[in-house]
Each structure stands twice: as C-alpha cells, then as structure tokens.
Amino acid sequence: PHAFFFMLRRPPRCTTKPSSASSDGYNSQDGVDLGVKFPNELVHRDGRKFAGFLVEGDGERAVIGCGINVLVRSWPSEYRAASLDELGLACERIQLLEALLPALAGRLKSDDASLACDYGRRHLPTGRNVILEFERERLEGRLESIDPFSMLELHTESGLRQIPVAHCRMLEWTLDR
C-alpha cells in the first residue's frame with residue numbers, strides 16, 4: 001500500500017469528496033466497475049477495498065490522508081482487499097498522483113448537491129442488504145439511499161428508518177441485490 005497526504009487551507013465538509021474524486025479517474029477505465037462505500041472507501045463491485053481516505057481538520061486547515069493499494073498481490077484471507085494491479089489498473093505512483101490531484105481539486109470545488117447525487121449513484125452498497133452500527137445499536141436491512149451529508153434510508157423489518165450518517169458505521173454489505 002502507498003499513502004499520500006494533502007494539506008488544505010479550508011477543510012472539506014466531509015470525507016466523501018476525496019473518495020468521489022478518486023473514483024472519477026478509475027471508472028474511466030474500460031471494463032472496470034468501481035465505486036465508493038460510505039464513508040470513505042473505494043471498492044470494486046465484488047466488495048474488495050483498494051483505497052481509503054481520512055480527513056482531519058481544525059476548522060482552518062485539513063489534512064487528507066489517502067491510502068491506495070497499488071501493487072500488492074497477496075492478502076490475508078480475512079481481508080476483502082485488492083490492488084490497482086489486481087484490478088487491471090496498474091500504474092506508476094507518479095501517474096496516480098497526476099490523475100488524483102486534478103480530480104481532487106475539482107471535487108473540493110463542487111457543490112454539495114451535485115456531490116451528494118454523484119456519491120449516491122456510485123455508492124455500491126445502495127440497494128443491497130447491509131449491517132450498520134448506529135449509536136451502539138446493530139441494524140440490518142436494505143440500504144435504500146444515502147446522502148453523505150445528512151441521512152441514509154434503511155428498510156428494516158420494522159419499516160423504513162432515516163439514520164443520520166454522522167453517527168453511523170457500515171459493518172457489512174452483501175454483494176447480492
């Protein structure tokens with residue numbers, strides 16, 4: 001895995017901007033179906049994670065940390081992971097940065113409404129069964145929709161629930177629709 005760090009003067013509103021920016025370039029590759037997983041992961045359609053982001057800030061500045069599996073070929077059995085090389089997206093690290101930096105700059109300038117719409121479209125667990133943790137409660141159901149700035153909708157056995165994303169963590173998701 002390789003890590004990159006970026007320092008910003010004004011922090012982004014949430015960690016979904018960097019993950020959305022990264023998925024922009026990867027999805028332009030023919031035959032590769034990649035997407036995002038809330039809140040900050042890049043995943044292949046088969047559920048394997050190949051990148052993740054963290055954003056830490058103090059209100060005036062932020063640091064975006066980006067970990068990308070570039071060339072790894074062997075994973076412990078308990079990991080659902082992949083590398084760009086395994087996904088047919090092999091590249092040099094400098095090529096990766098050359099693609100990532102302009103995409104990140106563009107996403108940081110995007111408005112929240114267009115980002116939320118695009119993020120929802122690329123969010124692979126949407127429409128699938130998920131297990132969430134919300135305020136120490138374990139919830140299971142079908143993820144109907146997600147707005148990375150506010151709520152997700154989960155259809156459980158007791159009906160449709162709206163859950164604030166700020167207090168939610170996705171534990172698992174199925175690959176079946």
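The residues of the chain are indexed from 1 along the displayed sequence.
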Measure the shortest side-chain to side-chain distance between [X] and [Y] over non-hydrogen atoms and say whether it is less than 4.5 angstrom.
X      : Y      : result
Val43  : Val36  : no
Leu124 : Leu175 : no
Pro39  : Phe53  : no
Leu71  : Ser83  : no
Pro125 : His123 : yes

Roughly how far apart are [X] [atom1] and [Y] [atom2], rounded to 0.5 Å?
X      : Y      : atom1 : atom2 : value
Thr174 : Arg142 : OG1   : CZ    : 9.0 Å
Gln162 : Ser145 : CD    : OG    : 7.5 Å
Glu137 : His167 : CD    : NE2   : 14.0 Å
Arg138 : Arg169 : CZ    : CZ    : 10.0 Å
Arg122 : Leu115 : CZ    : CG    : 9.5 Å
Tyr79  : Asn69  : OH    : CG    : 10.5 Å

SB check Glu140 Arg161 (cutoff 4.0 Å) = no

So, Glu41 and Lys49, do they make that salt bridge, N to O below 4.0 Å?
-> yes

Which heavy-atom pair separates [X] from [Y] by the least distance, and what is that distance?
X      : Y      : value
Glu86  : Ala81  : OE1-O, 4.5 Å
Leu96  : Ile68  : CD2-CD1, 3.6 Å
Glu144 : Thr126 : O-CG2, 3.4 Å
Ser110 : Ser114 : CB-OG, 4.2 Å
Leu143 : Leu154 : N-CD1, 3.9 Å
Phe149 : Asp112 : CE1-O, 3.3 Å

Is there a path of hydrophobic side-chain contacts, each under 4.5 Å between heavy atoms of I, L, V, M, F, W or Y residues, that connects Tyr119 with Met151?
-> no

The complete set of salt bridge (charged side-chain N to carboxylate O under 4.0 Å, His left out) pairs with one or both residues in residues 147-159, sequence neighbours excluded, reads none

Determine, stepwise, if the pair Leu87 / Phe50 fulfils side chain to side chain contact (heavy atoms under 4.5 Å, CB included).
-> CA-CA 9 Å; Leu87 297 173; Phe50 68 93; 3.8 Å; yes

Check each of Val55, Asn40, Leu54 against Ile64 using the side chain to side chain contact (heavy atoms under 4.5 Å, CB included) test, and report the only one that passes.
-> Val55

Check side-chain contact (heavy atoms from CB on, under 4.5 Å) between [X] and all other residues, then give those that pass, not counting sequence neighbours.
X      : result
Arg136 : none
Val165 : Phe38, Ile146, Leu152
Glu78  : Pro76
Ser158 : Thr156

Contacts of type salt bridge (charged side-chain N to carboxylate O under 4.0 Å, His left out), residue [X], not counting sequence neighbours:
X      : value
Glu98  : none
Arg80  : none
Glu92  : none
Arg121 : Asp118

Side chain to side chain donor-acceptor pair (under 3.5 Å) against Asp46, all qualifying residues, sequence neighbours excluded = His44, Arg48

Looking at residues at least two apart in the chain, or sitting in another chain, which of them share a side chain to side chain donor-acceptor pair (under 3.5 Å) with Ser74?
-> none

Leu132 and Ile163: CA distance, side-chain angles, deciding distance, side chain to side chain contact (heavy atoms under 4.5 Å, CB included) verdict | CA-CA 10 Å; Leu132 305 175; Ile163 300 167; 4.2 Å; yes

